[in-house]
Amino acid sequence: MSRRLMSVTAHTSVDHADAVARGHGLEAESVAVVDATADRTDPDCVRLQVELDDPGELPDHMEELRLTPDQARALAADLIEHADRVEGGN
């Protein structure tokens, strides 16, 4: 990606993940940066951000979900459950 919208630092959650952008008549494989963060002062949500590197047909962009603490915990629990399943081969 020529102009990264997300700040990638040593604190970035995942700095290299395989990704696919899908849409009507579109499928572009790429690598992505994924970050979970919250404001340092007076946080009001958990931000889950995803940015694909050079997705080709798409303009530079990133996706951001603003999650409540309960939503973030539910997502974290689902990620752990599915990670355990993948590791276990089930």
Side-chain angles (χ1 to χ4, degrees):
M1 181 164 279
S2 58
R3 296 175 309 224
R4 182 160 305 283
L5 300 171
M6 287 176 56
S7 175
V8 179
T9 68
H11 300 287
T12 302
S13 300
V14 180
D15 60 6
H16 184 99
D18 292 332
V20 177
R22 287 195 181 98
H24 297 288
L26 163 74
E27 186 164 317
E29 292 188 24
S30 183
V31 296
V33 174
V34 182
D35 197 27
T37 188
D39 292 342
R40 289 180 191 259
T41 58
D42 299 321
D44 62 348
C45 66
V46 175
R47 288 183 170 81
L48 180 62
Q49 301 169 326
V50 178
E51 183 177 3
L52 274 65
D53 286 343
D54 191 23
E57 297 88 7
L58 301 175
D60 293 349
H61 73 287
M62 74 172 203
E63 308 297 336
E64 179 177 280
L65 298 177
R66 294 178 182 164
L67 307 170
T68 66
D70 285 342
Q71 290 171 324
R73 287 184 188 97
L75 179 58
D78 279 353
L79 288 170
I80 290 168
E81 177 185 333
H82 291 293
D84 290 348
R85 239 182 66 220
V86 170
E87 268 184 344
N90 295 325

Smallest heavy-atom separation, Ala38 atom then Pro43 atom, equals CB-CB, 4.0 Å
Rounding to 0.5 Å, atoms CD (Gln49) and CE (Met6) come to a distance of 5.0 Å
Supply the atom-to-atom distance Glu64 CD to Thr37 OG1, rounded to the nearest 0.5 angstrom.
-> 9.5 Å
Look at the side-chain heavy atoms of Ile, Leu, Val, Met, Phe, Trp and Tyr, link any pair under 4.5 Å apart, and say whether Val31 and Val14 land in one connected group.
-> no
CG (Asp84) and CG (Leu79) are apart, to the nearest 0.5 Å, by 11.0 Å
Over all heavy atoms of both residues, which pair between Ser13 and Ala36 is shortest? Give the atoms and the distance, please.
-> OG-N, 3.0 Å
Is Leu52 linked to Leu65 within one hydrophobic cluster, defined over Ile, Leu, Val, Met, Phe, Trp and Tyr using a side-chain heavy-atom separation of less than 4.5 Å?
-> yes
Check the hydrophobic clustering (I, L, V, M, F, W, Y; side-chain heavy atoms under 4.5 Å; chains of links allowed) and say if Leu26 and Val20 are grouped together.
-> no
Inspect the contact between Asp35 and Arg47 and indicate whether a charged nitrogen and a carboxylate oxygen are less than 4.0 angstrom apart.
-> no
If we only count heavy atoms from C-beta on, is the Glu29 to Asp18 side-chain gap below 4.5 Å?
-> no
Distance (rounded to the nearest 0.5 Å) between Ile80 CD1 and Glu87 CD = 11.0 Å
